Amino acid sequence: MNTEHVAKIAAAAACDVAFNQAANGHLVDLFAALPLPATSEGREFWAELRRAAGDAALNVDPANAGGPFFDYLVKGNEGGIASRVLSFVGELDDQQRDAVAKVIGGALDHDTFGAGGRHLGKLWLRDAETSAWHVLLAKRRAHETEDGRKRFLQAWRDA
């Protein structure tokens with residue numbers, strides 16, 4: 001293995017780490033835009049979200065998810081958090097999804113986002129779903145080996 005090979009491996013690893021950190025950070029930022037748990041506004045918001053989402057809300061509800069929910073991201077359990085977010089969104093039927101979008105959109109700070117309501121809630125849900133997917137994808141990529149990538153590239157060349 002020469003210096004060029006080492007540099008290419010380091011560059012690929014740095015891209016994967018940056019992608020993973022960006023996806024994790026974005027997922028946290030989405031939740032940070034919502035009312036904070038353990039505040040009067042937060043308790044009201046999360047109760048309203050539970051009513052709108054039913055059992056699906058258990059995946060992301062602070063009372064059910066536990067206090068260190070987002071600390072897990074820092075400690076390397078990105079997939080667990082992302083899976084819970086995907087379960088939350090995936091378990092919503094159309095009526096629940098619309099009701100949840102309304103609750104989330106109503107909670108987003110109008111002064112910060114310049115708008116509110118159901119449309120912003122729908123954007124939040126889509127973004128949370130996509131961000132959770134990115135976290136899981138980055139986690140998968142982080143566990144791939146150099147040999148696995150070589151096999152992948154060769155398979156596509158041979159196709």
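Only this structure's heavy atoms are used, side chains among them; waters, hydrogens and symmetry mates stay out. These figures come from a predicted structure and were not determined experimentally.
- Taking the side chain as every heavy atom from C-beta outward, Leu49 and Asp61 never approach each other to under 4.5 Å.
- Of the residues Arg118, Glu48, Arg51, Arg50, the one that meets the side-chain contact (heavy atoms from CB on, under 4.5 Å) test with Val103 is Glu48.
- Counting all heavy atoms, side chain and backbone alike, Ala132 lies closest to Ala82 at O-CB, 3.4 Å.
- In the hydrophobic clustering, Leu36 connects to no other residue, as no ILVMFWY side-chain heavy atoms lie under 4.5 Å from its own.
- A 4.5 Å side-chain heavy-atom check between Ile104 and Lys122 finds every atom pair outside the cut-off.
- Note: Glu91 CD to Asn59 CG = 4.5 Å, rounded to the nearest 0.5 Å.
- Hydrophobic cluster membership differs between Leu86 and Leu58, with clusters built from Ile, Leu, Val, Met, Phe, Trp and Tyr side chains linked at under 4.5 angstrom.
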### Test side-chain contact (heavy atoms from CB on, under 4.5 Å) applied to Asn64 and Arg84, step by step
CA-CA 11 Å; Asn64 189 56; Arg84 289 181 79 129; 3.5 Å; yes
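- Formation of a donor-acceptor pair under 3.5 Å by the Trp124 side chain with backbone atoms of Leu30 is found in this model.
- In terms of modelled atom types and a separation under 3.5 Å, the side chain of Glu41 and the main chain of Pro35 share no donor-acceptor contact.
- For the residue pair Gln154/Arg157, the side-chain donor-acceptor check at 3.5 Å is satisfied.
- Smallest separation of non-hydrogen atoms from Phe88 and Ala56: CD1-O, 3.3 Å.
- Residue Leu34 holds its CG atom at 4.5 Å from CZ of Phe45, rounded to the nearest 0.5 Å.
- One distance of note links CG of Leu108 with CG of Leu120; it measures 6.0 Å at 0.5 Å rounding.
- Rounding to the nearest 0.5 angstrom, the gap separating the CD atom in Glu129 from the CG atom in Leu27 is 12.0 Å.
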